[in-house]
Amino acid sequence: MKQFFSFFSGRRRLLFFTERLSELLSSGISLQKSLGILETLPCSDPEFTCSCVTLKEYVSGGSAFSAAIRLLPSLPAPDWYIAYISVAEECACIVPVLEHLLHLLRREKENTEKFIAALCYPLLILLLTGCAGFFSVFYFLPGMLPLFGEKAASIRNEALYVMMRADCMLVLAFMLLAICARNCFRMDPCIAVFRTMAFLTEQAVPTLSAVSCAFAFCARDKKISAALLAVRSELLEGERISACFGRCFQKSGFKKEGFLLSEHLSLCEETGRKNGFEKTADYIAAKKTGAEKVFLAVLQPSLLALSSLYITLILKTAFLPYITQLGDLI
């Protein structure tokens, strides 16, 4: 649990650091002097100040900025963050890269907030449903057991068994919702790769360097990694960008994305524009937004159906015998 909260506090610290450093560098102040200013800023987070002091020492000692950040556990920079800084050092474009990184970190924070907000309502509903079943079996049912006579013990055991199975059903349903929400609100690696290529292309970064930077977004996605490896291989053989990107992504299983990418990049070659990657990323992002809306639309009806099923199982096992017994008495 401590590591969980430490991760989120570290990401907030990284966002704050990137925001302040970007502001200082964009005003023309050097990196070393900017780090010196950051360490003197009044801040309620002592680890932020310590991080700035350590970074300044590393940079003053001749270490690369990307290597210095990688050595700091208090600033948990993801691989794609380090990859962007490395490209910025190679191509001398640290200011626009930091501004782009700030945008990515804010989007990541927004996606995390959406994910947490999407799970709060289901968690509350399922907890209340489980509490309703618990009180029904352990508080209401015992008061009625004397009416059942010899059947009281078997009815009570059956009610407990059904409640435990129904509780397991609620837990599994919440886990399934959490997985669906995570897939809906996480950063899509395909979109991240295309936006990376779009941004670095606009900054006149060589295509091979941009592809190497894009690898940092797909370390766990074998399909995209295979596509980028194929792209790099074909680029080294002299293939056109539009042809190799579209073909390699289609071969890796991204047929629609590869076709659109090939189309947009071909148009860019004819018109001289550089928005092919961005247009493809916007299309995928629009589909992802539609999937998020569908998930949120079906969330409440699904929870109502699940709660109704849970209550029905409890009522059928615990209280249907009581109703039947009452009818016999009447």
Side-chain angles (χ1 to χ4, degrees), residues 78-80 83-84 87 96-97 99-101 103-108 110-111 114-115 180-298:
D79 291 339
W80 51 265
Y84 265 111
V87 170
V97 164
E99 292 176 352
H100 184 67
L101 284 173
H103 174 70
L104 291 178
L105 288 171
R106 286 173 175 170
R107 180 175 293 177
E108 183 185 55
E110 181 182 351
N111 289 339
K114 286 181 179 180
F115 171 72
C180 293
R182 178 181 176 274
N183 291 334
C184 281
F185 298 111
R186 72 183 178 94
M187 180 186 292
D188 190 306
C190 202
I191 296 176
V193 166
F194 292 159
R195 292 204 188 281
T196 298
M197 295 300 303
F199 171 75
L200 296 179
T201 301
E202 291 177 359
Q203 300 301 320
V205 174
T207 305
L208 286 175
S209 298
V211 171
S212 299
C213 181
F215 265 109
F217 288 95
C218 57
R220 298 179 181 179
D221 195 314
K222 296 181 179 180
K223 293 171 61 178
I224 299 181
S225 298
L228 290 177
L229 283 172
V231 166
R232 184 160 62 180
S233 177
E234 293 194 10
L235 286 175
L236 290 173
E237 293 175 359
E239 287 287 342
R240 292 188 305 126
I241 293 178
S242 60
C244 67
F245 265 96
R247 181 170 57 251
C248 292
F249 272 86
Q250 287 184 53
K251 288 181 179 179
S252 297
F254 302 97
K255 295 184 179 180
K256 184 66 175 181
E257 292 83 352
F259 176 79
L260 288 172
L261 190 59
S262 179
E263 177 185 351
H264 293 152
L265 290 177
S266 298
L267 288 174
C268 288
E269 289 180 352
E270 298 295 332
T271 60
R273 297 179 179 178
K274 299 181 179 181
N275 62 347
F277 289 106
E278 188 66 29
K279 288 171 66 177
T280 307
D282 289 341
Y283 171 82
I284 304 173
K287 289 184 63 177
K288 186 172 181 295
T289 302
E292 292 176 6
K293 292 180 179 178
V294 171
F295 172 78
L296 294 174
V298 302

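Just the heavy atoms: all of them, side chains too, but no hydrogens, waters or symmetry mates, feed the values below. In this text the structure is predicted, and so the values were computed from the model without any measurement.
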What distance separates [X] [atom1] from [Y] [atom2], expressed to the nearest 0.5 Å?
X	Y	atom1	atom2	result
Ser212	Arg232	OG	CZ	4.5 Å
Leu261	Phe194	CG	CZ	4.5 Å
Glu292	Asn111	CD	CG	7.0 Å
Leu265	Leu260	CG	CG	10.5 Å
Leu208	Cys213	CG	SG	13.0 Å
Ile241	Thr207	CD1	OG1	3.5 Å

Does [X] have any salt bridge (Lys or Arg N to Asp or Glu O under 4.0 Å) partners at least two apart in sequence or in another chain, and if so, which?
X	result
Lys279	none
Arg240	Glu269
Arg106	Glu19
Glu99	none

Pairs meeting criterion side chain to side chain donor-acceptor pair (under 3.5 Å) with involvement of residues 191-203, two or more places apart: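 Listed once each, the pairs are Tyr84-Thr196, Arg195-Glu278, Arg195-Asp282.
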
Pairs meeting criterion side chain to side chain donor-acceptor pair (under 3.5 Å) with involvement of residues 249-266, two or more places apart: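 Matches after skipping sequence neighbours: His264-Thr280.
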
Worked verdict on Phe215 versus Asp79 for side chain to side chain contact (heavy atoms under 4.5 Å, CB included): CA-CA 9 Å; Phe215 265 109; Asp79 291 339; over 6 Å; no

Provide the closest heavy-atom pair for [X] versus [Y] in the form atom of the first, atom of the second, distance.
X	Y	value
Lys288	Cys184	NZ-O, 2.6 Å
Val205	Ala210	CG1-N, 4.1 Å
Cys190	Phe249	SG-CE2, 4.4 Å
Cys180	Phe295	CB-CE1, 3.7 Å
Phe245	Leu235	CE1-CD1, 4.5 Å

Mutual orientation of the aromatic rings belonging to His103 and His100 [parallel < 30°, tilted 30-60°, perpendicular > 60°]: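 The rings of His103 and His100 sit tilted, inter-plane angle from 30° to 60°.
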
Within-4.5 Å side-chain heavy-atom neighbours: Val87 and Leu200: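 Side-chain contact under 4.5 Å: yes.
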
Test side chain to side chain contact (heavy atoms under 4.5 Å, CB included) applied to Phe199 and Val97, step by step: CA-CA 9 Å; Phe199 171 75; Val97 164; 3.9 Å; yes

Neighbour count above 12 (heavy atom, 6.0 Å) for Arg273 CZ: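 No, CZ of Arg273 has 12 or fewer neighbouring heavy atoms, counting only those of other groups under 6.0 Å.
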
Other residues, nucleotides, ligands: >12 heavy atoms within 6.0 Å of Phe259 CZ: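 Count not over threshold, so no.
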
